[in-house]
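To start, the structure itself, in structure tokens.
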Amino acid sequence: MAGKHNHKKIEKKWQKIWENKGIYKIKDKVRGKKNFYHLVMFPYPSGNLHIGDWYNFAPADVFARFKKMNGFNVLSPIGFDAFGLPAENAAIKRGIHPKDWTYQNIKTMAKQLESMGNMYDWSRKIITADPQYYKWTQWMFLQLYKKGLVYRKKAPANWCPKCHTVLANEQVIDGKCERCDTQVVQREIEQWLFKITDYAERLLKDLDGLDWPEKTKIMQRNWIGKSEGSIIKFGVECQMLNIKCDIEVFTTRLDTIFGCTYLVVAPEHSIIKNLESRVQNLGEVENYIKQAKKKSDLQRTDLAKEKTGVELKGIKAINPFSAKGGNSEKIPVYVADYVLGHYGAGAVMAVPAHDERDFEFAQKYNLPIKESISGGDVSKNAFTQDGILTNSGQFIGMTSKKAREEMVKWLKENKFGDKKINYKLRDWLVSRQRYWGTPIPIVYCDKCGIIPVLEKDLPIKLPDIKNYLPTEKGKSPLAHSEKFINTKCPKCKGKAKRETDTMDTFVCSSWYYLRYADSKNNKKFADAKKIKNWLPVDMYIGGAEHSVLHLLYARFFTKVLYDLKYLNFKEPFSALRHQGIILGSDGQKMSKSKGNIIDPDGLVKQFGSDCVRMHLCFMGQYDQGGPWNPTGILGVKRFLDRVWELATNNKRQATSVKKPNIERLFHQTIKKVTEDIEKFQFNTAISSLMILLNEMEKNESQLSVANCQLFVKLLSPFAPHLT
RNA sequence: GCCGAGGUGGCGAAAUUGGCAGACGCACUAGCUUUAGGAGCUAGCGCCGCAAGGCUUGUGGGUUCAAGUCCCACCCUCGGCACCA
């Protein structure tokens, strides 16, 4: 064994031995061992394994091996998130069929993954674009459908003009498409949605018990955006009135209601249509609404600096508190696009004295500013904090908090409103007008209407069509395929047509962690017993970019399946860790155009997989990332060569010479490495191993074979191929 | 604007129940060694200074025998949200 450390030969050798012996084929149960489900977020087949993928998978494998050495029966599976826009766009760009492109990439990437020497159980591999897999994605859709959690709606949707498809709200970043950076526009399309909002409260509450980064939990909480307030009915008065109606508003600051000097409704608000005949300046109003609708979401927020609106002339609202007091005060009603149609009641009571937005609007349109909470100077600025009520009838002198309680009581007693909780979370739009995705298992029958496909008819296979390019009209490419669309109605057996949209790829990844437990099952998405053996996931590792998307959707699916009694747990991922992002040596985000991409294959060739794995662990804090240092890896290379020298020295005496310092240092290092890996502090674990090696070399003559073997063992989660 | 994370040598970073700041590594310098090296070994390496000595954890205050660590104010960088009433 002595001689220079030849990583290429050794790594190949061990990888072959591992494979032949099948030591990473994990049994569902091993006597005397506890199961540990260790999972990395599966990659999408982009073409090549990126250094960022390595940074996710390599340190994660260190943790998995560590757990295994600690006596757990560790499942560490891998697969491919194969459907979706990124893969499809890349294929289209190269003029290759998405299927060919994807499966070709999977082949290369599987090979690259094997070169890492991770303890993956390849026998459980899943590919979400395989019919055996998406059969169950479709089955999931049907379960949600049965439970009333799927609905169809024609509504303005985020449309990416370049990808030719609708996007979920979560996929629109700064008004642009998450994938191609194109400005997203609003477009009216019929589409399918999942009622994730039904689960808002549970998605919020169940975060508390999770061992997740606090940051991620906060991001999810903010995304769900719970706010507690009240709903208030303002009476409406028109000239020549015989219509009696109300405008409902939502507020969290009921205590400020005596300062309300006008109402604002969103351009989408139904009151405008309903009272059309009473609006004296209808032309002006309609024109304003038209202008507002033209704006994209981005423009609506970009124009935040300058608020605009139009009064609905001829319509007045009556504050219920003043109405009851006898001298009902009539206040004007405006339509303005700073009020959102989809949140709360789509209308607000404007209190310029105590709300910055209303203040700005009131100043611009010369509306009265009436103080109702003391503590600020409302002639200069809106005073938005809580305080003591003034100018507020029977509530004068109360604190804001107390007033809110008393005023809700009053509202309820007088039937003018009630408490109300609102969430920012919106339903999950899952229709995609694209080829490369799971077909939605729905059929349209002239007689029976919209009918779900029967479970026994699954999977509805994605046809191999040549014309897979997205269309500008907003029709899925599947609409071209006569063979695909024409079918029989599952109910009346008459002629019917298939839904041609495919599902958002996040649907595929919302349940894949369950499939690994039983990836080849033909009868169920996974056997209940096998699920019980492994789930929930004990440690989940992946990028922070999924903080709200994938992680929220997966939690939603788990809860639905729990309610349907398929699962006995409510949360899929008990513990979660994120890796940081590795930047180019120039400190910039890696990209082909900047030419700063680090190629992991080249590094492995030059330094070996152990060295690359270890360097990634040594770079710094795992969740931090940072610029790639091109020379830093040399230190790890030297270290591994020195370990090799020490470990392969045949002349070493078998009997241990008791050297107290060394023995003590061994104990300290074992403790430190153990604690640090548990905490994902791989960098300091390695540094302690380096310190130990330095000491060992200084006392080389006194080292025993056992010392060296122990050292190699300590090192083995990081460098599993050594010796 | 709001929420979150962070700011320590030339570089990546250690160290926070307050106790010698800079472990470990990269780069660098000198010497040894090698036919040669971008290999190996030995030594040095926060900054200023010939030295004695002084200074040093984003900035400014404060608490303390003692502060990177605690308190107050502010600046900067990164990530997220963004008219959510």
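Basis for what follows: all heavy atoms, side chains included, without hydrogens, waters or symmetry-related copies. In what follows, every chain begins at residue 1, and chains take the letters A, B, ... in the order their sequences are listed.
- Here A:N694 lies in heavy-atom contact (under 4.0 Å) with sugar-phosphate atoms only.
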Please report the C-alpha distance between A:Y55 and A:Y622 in whole Å, then the side-chain angles of each, then the deciding distance to 0.1 Å, and finally whether the ring pair (Phe, Tyr, Trp, His ring centres under 6.0 Å) criterion is met. CA-CA 9 Å; A:Y55 196 45; A:Y622 184 55; 5.2 Å; yes
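- For the pair A:D641 CG and B:G25 P, the computed distance is 15 Å after rounding to whole Å.
- Side-chain proximity of A:L634 to B:C24, B:A27, B:A85: nearest is B:A27.
- A:K424 comes within 4.0 angstrom of a nucleotide base, judged by non-hydrogen atoms across all strands.
- Cation-pi geometry between A:K637 and A:F607 is not satisfied (NZ or CZ under 6.0 Å from the ring centre, within 45° of the ring normal).
- The gap from the C1' atom of B:C41 to that of B:U34 amounts to 11 Å, rounded to the nearest Å.
- Using atom P as the reference point in both B:A36 and B:G46, the two lie 32 Å apart (nearest Å).
- With rounding to whole Å, A:K419 atom NZ is found 19 Å from B:A85 atom C1'.
- The side chain of A:T684 places no N or O atom within less than 4.0 Å of a non-bridging phosphate oxygen (OP1 or OP2) of B:C24.
- Within the 4.5 Å cutoff, the side chain of A:F250 has heavy atoms near those of the A:S227 side chain.
- In this structure, A:N422 reaches neither bases nor backbone, as no heavy-atom distance under 4.0 Å exists between it and the strands shown.
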Expected output check: what is the dot-bracket annotation of RNA chain B, where ( ) and [ ] are pairs inside the strand (brackets for crossing ones), | is paired with another strand, and pairs are Watson-Crick or G-U under 3.5 Å? (((((((..(((......[....))).(((((.......))))).(((....)))..(((((..]....))))))))))))....
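- Ranking B:A14, B:C3, B:A23 by closeness to the A:I691 side chain, first place goes to B:A23.
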Short heteroatom pairs, N/O only, protein and nucleotides 9-12 of chain B, under 3.5 Å:
unit_1 : atom_1 : unit_2 : atom_2 : d
B:G12  : O2'    : A:M619 : O      : 2.5

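- No hydrogens or angles were tested; on distance alone, a donor-acceptor pair under 3.5 Å links the side chain of A:K307 to the base of B:C83.
- Rounded to an integer number of Å, the gap from A:F682 CZ to B:G25 C1' is 18 Å.
- Distance, A:Y262 OH to B:A85 C1': 11 Å, rounded to whole Å.
- On the C1' atoms, B:A21 is 10 Å away from B:A14, given to the nearest whole Å.
- Applying the 4.0 Å criterion to OP1 and OP2 of B:G40, one finds that A:R638 has a side-chain N or O inside that range.
- Taking atom C1' in both B:U33 and B:G40, one finds a spacing of 8 Å when rounded to whole Å.
- When each of A:K679, A:K672, A:K671 is checked for a salt bridge (Lys or Arg N to Asp or Glu O under 4.0 Å) with A:E675, only A:K671 meets the rule.
- Counted by atom type alone, A:S372 and A:N391 present zero donor-acceptor pairs between their side chains at under 3.5 Å.
- Among the heavy atoms of the strands, none lies under 4.0 Å from A:E356.
- Residue A:W223 places its side chain closer to B:C81 than to any other of B:A27, B:C81, B:A13.
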Residue pair A:F680, A:F682: steps toward the ring pair (Phe, Tyr, Trp, His ring centres under 6.0 Å) verdict: CA-CA 6 Å; A:F680 274 63; A:F682 307 110; 5.3 Å; yes
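- Across the protein-nucleic acid pair, A:Q363 atom CD and B:C83 atom P stand 21 Å apart, rounded to whole Å.
- Nucleotides B:G68 and B:C2, compared at atom C1', are 29 Å apart to the nearest Å.
- B:A13 and B:G6 have their C1' atoms separated by 14 Å, with the value rounded to a whole Å.
- A straight line from NE2 of A:H354 to C1' of B:C83 spans 19 Å, rounded to a whole angstrom.
- Side-chain N/O atoms of A:T674 and A:D676 include no donor and acceptor closer than 3.5 Å.
- No side-chain heavy atom of A:M590 sits under 4.5 Å from any side-chain heavy atom of A:L583.
- There is no side-chain donor-acceptor pair under 3.5 Å between A:H354 and A:R253.
- The interatomic distance linking A:L425 (CG) with B:C81 (C1') rounds to 14 Å, in whole Å.
- Annotation: B:U63 and B:U69 have their C1' atoms spaced 14 Å apart (nearest Å).
- Annotation: A:K226, atom NZ; neighbour count of heavy atoms from other residues, nucleotides and ligands within 6.0 Å is above 12.
- Using a 90° window around 0 for the glycosidic torsion, B:G10 falls outside it and is classed as anti.
- Ring centers of A:H615 and A:W628: under 6.0 Å apart, within the cut-off.
- As rounded to whole Å, 13 Å separates atom P of B:A13 from atom CH2 of A:W628.
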Where do A:F395 and A:W410 land on the ring pair (Phe, Tyr, Trp, His ring centres under 6.0 Å) test, with the steps shown first? CA-CA 11 Å; A:F395 304 97; A:W410 186 92; 7.1 Å; no
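- You'll find that the side chain of A:V339 is closest to B:A85, out of B:A85, B:C24, B:C83.
- In terms of phosphate contacts, A:Y343 brings a side-chain nitrogen or oxygen within less than 4.0 Å of OP1 or OP2 of B:A85.
- Each of A:T631 and A:E697 was matched to the nucleotide of RNA chain B holding its nearest heavy atom; the match closer to the 5' end belongs to A:T631.
- One finds no side-chain N or O of A:R221 lying less than 4.0 angstrom from the OP1 or OP2 phosphate oxygen of B:C81.
- Nucleotides B:G12 and B:C28 are separated by 15 Å at their C1' atoms, to the nearest Å.
- Where A:I686 and A:Q621 each meet RNA chain B at their nearest nucleotide, the meeting point lying more 5' is that of A:Q621.
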